[in-house]
Amino acid sequence: MSKTLAPREAFGKALVQLGAENEDILVLDADCSKATMTSLFQKEFPHRFFNLGIAEADLVGTGAGLALAGKTPFVNAYANFLTGRAWDQIRISVCYANLNVKVIGHNSGTSPGQEGPTHLPLEDITLMRALPRMTVIEPADGVEMAKAVRALGEHEGPAYLRVGRMPTPIVNREAGRFVIGKANVYLEGKDASILACGVMLSKALEAAEELKAEGISVDVINVHTIKPLDSSCILEAASRTGAVVTAEEHTVIGGLGGAVAELLAQNLPVPVRMVGVQDRFGLSAKMPELHEALGLTRENIIKAVKEVISAKK
Amino acid sequence: MVQFVEPQLHELADNCKRMRQWILTTTNKAGSGHPGGSLSAVEVMAVLYMKIMRVDPENPDWDRRDYFFLSKGHAAPVLYAALAERGFFPAEELMTLRQAGSRLHGHPSSECTPGVDISSGSLGQGLSIANGVALAARLKGTEQRAYVLLGDGEIQEGQVWEAAMTSAHYKLDNVCAIVDYNRLQLDGPVDEVKTLGSLRAKWEAFGWNAIEIDGHHLQEIYNSFEKAKEVKGRPTVILAHTVKGKGVSFMENQVGWHGVAPNDEQLEIALKELR
């Protein structure tokens, strides 16, 4: 069993570190600071932490005002409520006004588990990706989360970061570089390319191992930035292998799968399969059970790889 | 507190008259826009921009400025007229309102219009932004104030009340909201569409200092802003009783003039009426 780390824990600690280095970093939360672990920042820098209560729209607007006055606010809430309920505020007060607000969507994907469908953010990437000027990031694990937080501290402009609650396998190397908008190639193969983000990267790597034993060689590429998409990396991979599988803990409609399909359909039409949530709500179950129920599995990635390989013949 | 002497009042009255002319002529030229709720806010905007706010037209992004947020973004014509009066851009540019390539969009854009502090147009968002800059001013230890103009219909939006709680909770005495209380909204009288009940009691219950004034009386408007500056430990809301379409007899208190521009004939009559 590989080592695991909760992305939110890595996030909370990285935010404290960032706050120590840059006093313009402010943290706002909507009554979930213990779950988001922004409570760590609050403890360290109480005068730079603001709880806005259960009011996501006001949370985002207040962040916009702070950014307008030159601060760098990280606004935190559960991903579904933040991106869903406050979408219009993110659209107008943040993106249209082009303000340096970091929108942090917590409890992402299936990580709230037994809370049930209302609490499973499975559409947040789509909502954020549709907004002009928005950068969208989903780190693969806790190690990469820390790098992403650091990168966001230096990034100027609207950005969305997806943070999971439950511990997930660590696949990212401490020394590996993290550049917003630059995908990282973990494995290079010749038969197909697997593009993954978030917790699905670890499953893609497992799938690649199994496929290797069957004599199938695949790319595994960590697309941690869903927007702007690293189109040159993806087009290079697709032209080399001629077949693409995407894997995400999110609806494939407008998510990583949708983004990759948009790119390839217009530039390099090759067979594509999307592993992800297929236009449905979740259910109330533990995270591993949800992955099974929603088809977010290593087996489905393997199946998809075999399908795209046969489709290109 | 400064009492206006006659020449200053004359000046301000002239500002207001020109602003009304611009609101009418620019919406006429554009063939669309929102004259009713722009005309109701003329005096408030004139006092703010000409007498109250510390802004620098030469340096619109001055980081020590007072902020203004037009939360009722559809009243863009009155904001543009006030900015031009204050010298942020040449008044002739007002005639480009809503034209392709113009810096003066149908609703305010902080991206392209000098002096516009935030983009708006989706109602309900301005007070939260005001709280944000007010909190930042407190962190920076500056005396900056944040003003936000809300429509009375607009405060049916829930975010306004979320933000009202935030201002009071954080004791933001550098926030001053003004409600353009003209009692009409797009579909009809506010009290018929969805009643506001006792507006003053609502704001006070939310922890605000409330001042009620005649929103067309320059002296009362000025005094209310000065009083608001003296209130410590809580935000102030100025309930400005106004007349939608103020200054043009056939537009006053008429729901139909919310979002319709005057035609050439109507413009001619309206301009003659302005005092």
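Labels below follow one simple rule: chain letters A, B, ... track the order of the sequence lines, proteins then strands, and each chain is numbered from 1. These numbers come from a predicted model, not from an experiment.
In terms of non-hydrogen atom pairs under 4.5 Å with chain B, the most contact-rich of A/L59, A/N98, A/V60, A/I92 is A/I92. Listed options B/D117, B/L139, B/D63 were ranked by heavy-atom pairs under 4.5 angstrom with chain A; first place goes to B/L139. Most heavy-atom pairs under 4.5 Å with chain A: of the set B/H169, B/Q125, B/Q159, this distinction falls to B/Q125.
Across every non-hydrogen atom of B/I118 and A/A97, the tightest pair is CD1-CB, 3.6 Å. Taking each heavy atom of B/P108 and A/Y96 in turn, the nearest pair found is O-CE2, 4.2 Å. B/I129 approaches A/A64 most closely through the heavy-atom pair CD1-CB, 3.8 Å.
No more than 12 heavy atoms of other residues, nucleotides or ligands sit less than 6.0 Å from atom NZ of A/K13.
Residues A/L26 and B/L135 fail the side-chain proximity criterion, which asks for heavy atoms closer than 4.5 Å.
Looking at B/K140, its side chain does come within 3.5 Å of a backbone N or O of A/A69 through a donor-acceptor pair.
Going from atom CZ of B/F69 over to atom CG of A/L68 covers 5.0 Å, rounded to the nearest 0.5 Å. Atom OG in B/S122 sits 8.0 Å away from atom CZ in A/R91 (nearest 0.5 Å).
Of the atoms belonging to A/L28, not a single heavy atom falls under 4.5 Å from chain B. Heavy atoms closer than 4.5 Å to chain B are found nowhere in A/E23, neither backbone nor side chain.
A donor and an acceptor atom, one from each side chain of A/D58 and B/T166, are located under 3.5 Å apart.
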